[in-house]
Amino acid sequence: MAIFSKSFDEPDERRTPDKTRVDVVKLPGASVARVTFQPGWRWSECIRPVIGGDSCQVRHVGTLLSGEMEIVHDDGSKANLVPGIAYVIEPGHDAWVVGNEPAVSLEFESLAAETYAKA
């Protein structure tokens with residue numbers, strides 16, 4: 001048995017699209033991302049120019065640590081995320097920060113952590 005740990009303060013990878021910071025730590029069998037969205041962030045304005053597409057096509061599994069976000073799926077369903085909420089967001093959505101506080105989340109879906117906001 002072994003225990004593996006890494007600090008987000010020294011990530012294996014950092015991505016910084018507009019109003020976004022994605023810190024990725026890679027562990028055996030899993031990657032985890034800490035994502036910070038600044039006030040005014042919106043997927044369709046800040047990430048779409050990097051990767052293209054009509055909506056976010058990444059599956060997100062995580063929890064919101066601070067701030068507030070609104071999610072609208074392509075089918076019209078909506079969710080409001082606040083701190084302490086765990087979530088699964090399926091592909092096909094737009095999202096944005098609500099209010100004037102950065103929204104910080106942890107993403108546990110390894111594929112999302114490794115590819116989100118990556119050109």
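If you read the sequence from its start, that first residue is 1, and numbering goes on from there.
Judged by distance alone, the side chain of Ser110 and the main-chain N or O of Ser31 form a donor-acceptor pair under 3.5 Å. Judged purely by atom type and a 3.5 angstrom limit, Arg48 uses its side chain to pair as donor or acceptor with the backbone of Asp54.
Between Thr20 and Thr36, every side-chain heavy-atom pair lies at or beyond the 4.5 Å cut-off. The side-chain heavy atoms of Arg14 and Arg21, taken from C-beta on, include a pair separated by under 4.5 Å. The shortest distance between side-chain heavy atoms of Leu106 and Phe8 falls below 4.5 Å. Side-chain contact between Pro102 and Pro39: present, with at least one pair of heavy atoms (C-beta onward) separated by less than 4.5 Å. Between Trp96 and Ile71, the closest side-chain pair of non-hydrogen atoms is not below 4.5 Å. Side chains of Pro11 and Val24 form no contact here, defined as non-hydrogen atoms less than 4.5 Å apart. Within the 4.5 Å cutoff, no side-chain heavy atoms of Asp18 are placed close to those of Trp41. Under the 4.5 Å side-chain criterion, counting only non-hydrogen atoms from C-beta, His60 is in contact with Tyr87.
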Can you check side chain to side chain contact (heavy atoms under 4.5 Å, CB included) on His73 and Lys78, steps first, answer last?
CA-CA 6 Å; His73 203 271; Lys78 298 179 182 181; over 6 Å; no
Using the rule given for side chain to side chain contact (heavy atoms under 4.5 Å, CB included), can you reason through Ile51 versus Trp43, listing the C-alpha separation, both sets of side-chain angles and the distance that settles it, and then say yes or no?
CA-CA 10 Å; Ile51 63 162; Trp43 181 90; 3.9 Å; yes
Stepwise, does the side chain to side chain contact (heavy atoms under 4.5 Å, CB included) test hold for Leu111 with Tyr116?
CA-CA 8 Å; Leu111 182 60; Tyr116 183 74; over 6 Å; no
Met69 vs Leu64, side chain to side chain contact (heavy atoms under 4.5 Å, CB included): CA-CA, chis, key distance, verdict
CA-CA 9 Å; Met69 296 187 75; Leu64 195 66; 4.2 Å; yes
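Atom OG of residue Ser105 and atom CD1 of residue Ile85 lie 13.0 Å apart, to the nearest 0.5 angstrom. Interatomic distance, Glu90 CD to Gln57 CD, rounded to the nearest 0.5 Å: 11.0 Å. For the atom pair Glu109 CD and Thr115 OG1, the distance stands at 9.0 Å (nearest 0.5 Å).
Note on Leu65 and Val32: same hydrophobic cluster, where clusters join Ile, Leu, Val, Met, Phe, Trp and Tyr whose side-chain heavy atoms are under 4.5 Å apart, directly or indirectly. Cluster annotation: Val98 is connected to Val72 through the hydrophobic network of ILVMFWY side chains, with a link wherever side-chain heavy atoms come within less than 4.5 Å.
The pair Asp12-Lys26 fails the salt-bridge criterion, with no side-chain N (NZ, NE, NH1 or NH2) lying under 4.0 Å from an Asp/Glu carboxylate O. With respect to the salt-bridge test (charged N to carboxylate O, under 4.0 angstrom), the residues Arg34 and Glu107 do not qualify.
In terms of heavy atoms, Val50 sits closest to Ala117 at CG1-O, 4.0 Å.
Heavy atoms from other residues, nucleotides or ligands lying under 6.0 Å from CG of Asn80 number more than 12.
No side-chain donor-acceptor contact under 3.5 Å links Asp94 and Ser55.
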